[in-house]
Number of protein chains: 2
Amino acid sequence: MKKDTTENKEYVIMESETITIYDVAREAGVSMATVSRVVNGNQNVKETTRRKVLDVIERLDYRPNAVARGLASKKTTTVGVVIPDIANSYFASLARGIDDIATMYKYNIVIANSDGEDGKEINVVNTLLAKQVDGLVFLAHNLSDKIRAEFSRTRTPIVLAGAVDPEDQIPSVNIDYTVATKEVTLELAKNNQKIALVAGPMVNAINGKERLVGYQEALAESGLTFSEGLVFETTYSYPAGLKLAERVKASGATAAVVTDDEVAVGLLNGLVNSGVKVPEEFEIITANNSVITEFTRPTLSSIEQPLYDLGAVSMRLLTKMMNKEEVAGKRVILPHGFVKRGSSK
Amino acid sequence: MKKDTTENKEYVIMESETITIYDVAREAGVSMATVSRVVNGNQNVKETTRRKVLDVIERLDYRPNAVARGLASKKTTTVGVVIPDIANSYFASLARGIDDIATMYKYNIVIANSDGEDGKEINVVNTLLAKQVDGLVFLAHNLSDKIRAEFSRTRTPIVLAGAVDPEDQIPSVNIDYTVATKEVTLELAKNNQKIALVAGPMVNAINGKERLVGYQEALAESGLTFSEGLVFETTYSYPAGLKLAERVKASGATAAVVTDDEVAVGLLNGLVNSGVKVPEEFEIITANNSVITEFTRPTLSSIEQPLYDLGAVSMRLLTKMMNKEEVAGKRVILPHGFVKRGSSK
DNA sequence: TTGTAGGCGTTATCAT
DNA sequence: ATGATAACGCCTACAA
């Protein structure tokens, strides 16, 4: 096609190769700068030439190349989202909140699953940064030192959602896990002597620690003694909870605070399957209040977290940072609540 | 910093501005071409110079700029994923399959929620194409003509997951919805005279039609008459199903085939809430066999779809297309099954 | 209001 | 094996 010597308009239109801002400029009889201006909504363009250019753009079906634009402007209008598992309803809800706000501010999100593993997290963060994302939303239940080190090497704005930075360097959006966990533990302490804490992997890590503290405070206030044997670590999945039911039951506990809804559903069903009556013989309170808490019978009592909002607010915060607005307060705490349903008395 | 006149190594190292392939080249005493070669694993580099370059890269903490690379190579190693709602567990599972395979082949995914709306779909497809994604996975229950028109304008590889192209132009990965729907309807026809079909919005659209056909075939084979009044359209969400329970019950149906798990859960709970005994008085079979089918009491019988695989296979197919391998067969049909659980007799 | 020209950080094609 | 030197498609002062 390039060899075609019939240099007329038809030629240009038929041309199936990439059409650039330059083609539009030539066809419209203006400079590429002008085309760039109309494409970017710059006001300094005479109305008639704007029309003319717009016409040509439509006729040639021209689409600005965002990659080239990104290279020239050093902005990609893309943000990275590191997420443990998009198939987990808790994180999926956050992701939806993030994407909606991102869309509102003309950003796209590139999502990378990390499975909450250090190695993968570092990997995806680096490839995301290599892709020049304008910002990063990091979802996790925990923030390892390695990942913190990685974060400190970049000037790309980052916000944490659902995890807190112990050093308080990185802005984050959360609820107060300590207080929330304490409250529900207190609730359970009304009717129970042995209350289990079913937490994610690494209860001893930063974020689990917050919950652990709340749990322990509640025990202390209730005059109950803390026992390692009542603390369970698990991965975040339904089967994991199901499997755990046996052990929790064997521990002698008559109630449990669970930090992930899918795990809670698993625990509930596992217990019920083996003949345990919930809430009569065993009470459960879960943590995320995702829709699935209403799916079960009995339904699951839960700490009430504004899931969608956690995502939405963190993205909103990120837009401010990307816009170099000074943000007041590095740590945003969203209000939480408690929804009593069928799994607790 | 740029004004600093002390032109020594310290200067370069301290420099906090972007460090480029050019900096590495200068520092290593080679040309940028050579640096590019080692970064890209080109074999034509003497081992000693490779070492030298690698050293400098580490010392300067150099990271290749993927945007510049994308502009020069015309490849972004990024694929777009258009998805109705990432918070819906069905789509979330597909997304996970997609991302895992994408990661395996060194691609990242940029996800865009479309809510299944024509307008948004067209919008996001265009911005994704503008971002020069190397390929596109389009998730939907339906493929509108408008979106087809949009697809025909680009040479970017596209694959459909969970939706079929009536014109059979665009490669797709699915199960056989007609057969699957027919099978479960037949199952319900054993014990029921009036069977409802609870489908997504636009049952009359392409994809809904496949299911509708299976539903009708089963009715015919069972000697039952089709009635418009037994076909329900709804959006894909738990509340939608919950709300629908009343109407379904009022229709006189004693069984329902549901095309979305969350809707099925809603229907189930709505029915049970109003005193209907499932499955004794009302049978339900849902369609996606996502984990939530095990959350409920009774558990939900379901068509068994390989959710993760649907995503994984479509991404695999896309990698082949992006790699310009000729793919055999535009339409991949994955096997489906049926899992009998508590909601059907 | 419009045009010119120099990047942006790589890749890729030729030479050497 | 290595090095110049164009692209790649757009943005953005700076001029006019």
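Every chain is numbered from 1 and lettered A, B, ... according to where its sequence line falls, protein lines coming before strand lines.
Remark: S31(A) is not in phosphate contact with dT2(C), judged by side-chain N or O atoms under 4.0 Å from OP1 or OP2. Contact check, K75(A) against dC8(C): no side-chain N or O comes under 4.0 Å of OP1 or OP2.
Atom CG in L71(A) sits about 6 Å away from atom C1' in dG9(C), given to the nearest Å. In this structure, CD1 of I19(B) is placed 15 Å from P of dC8(C), rounded to the nearest angstrom.
With a cutoff of under 4.0 Å to any heavy atom of chain A, the contacted region of DNA chain D is bounded 5' to 3' by dG9(D) to dT12(D).
Donor-acceptor pairing under 3.5 Å is recorded for the side chains of D134(A) and T76(A).
Pairing each heavy atom of L128(A) with each of A112(A), the nearest pair is CD2-CB, 4.5 Å.
A salt bridge is defined here as a Lys NZ or Arg NE, NH1 or NH2 lying under 4.0 Å from an Asp or Glu carboxylate O, and D55(B) with R59(B) fails to meet this definition. The residues R316(B) and D309(B) are annotated as not salt-bridged, no charged nitrogen and carboxylate oxygen being separated by less than 4.0 angstrom. Looking at R26(A) and D23(A), a side-chain N of the basic residue comes within less than 4.0 Å of a carboxylate O on the acidic one, giving a salt bridge.
Under a cut-off of 6.0 angstrom, the local environment of CZ in R153(A) is crowded, with over 12 non-hydrogen atoms contributed by other residues, nucleotides or ligands.
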Give me, pair by pair, the N or O atoms of the protein and of nucleotides 11-15 of chain C that are less than 3.5 Å apart, along with how far apart they are.
from    : atom 1 : to     : atom 2 : distance (Å)
dT11(C) : OP1    : N40(B) : OD1    : 3.3
dT11(C) : OP1    : N40(B) : ND2    : 3.2
dT11(C) : OP1    : R69(B) : NE     : 2.8
dT11(C) : OP2    : S36(B) : OG     : 2.7
dT11(C) : OP2    : N40(B) : ND2    : 3.3

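A donor-acceptor contact shorter than 3.5 Å links the side chain of S144(B) to the backbone of I147(B).
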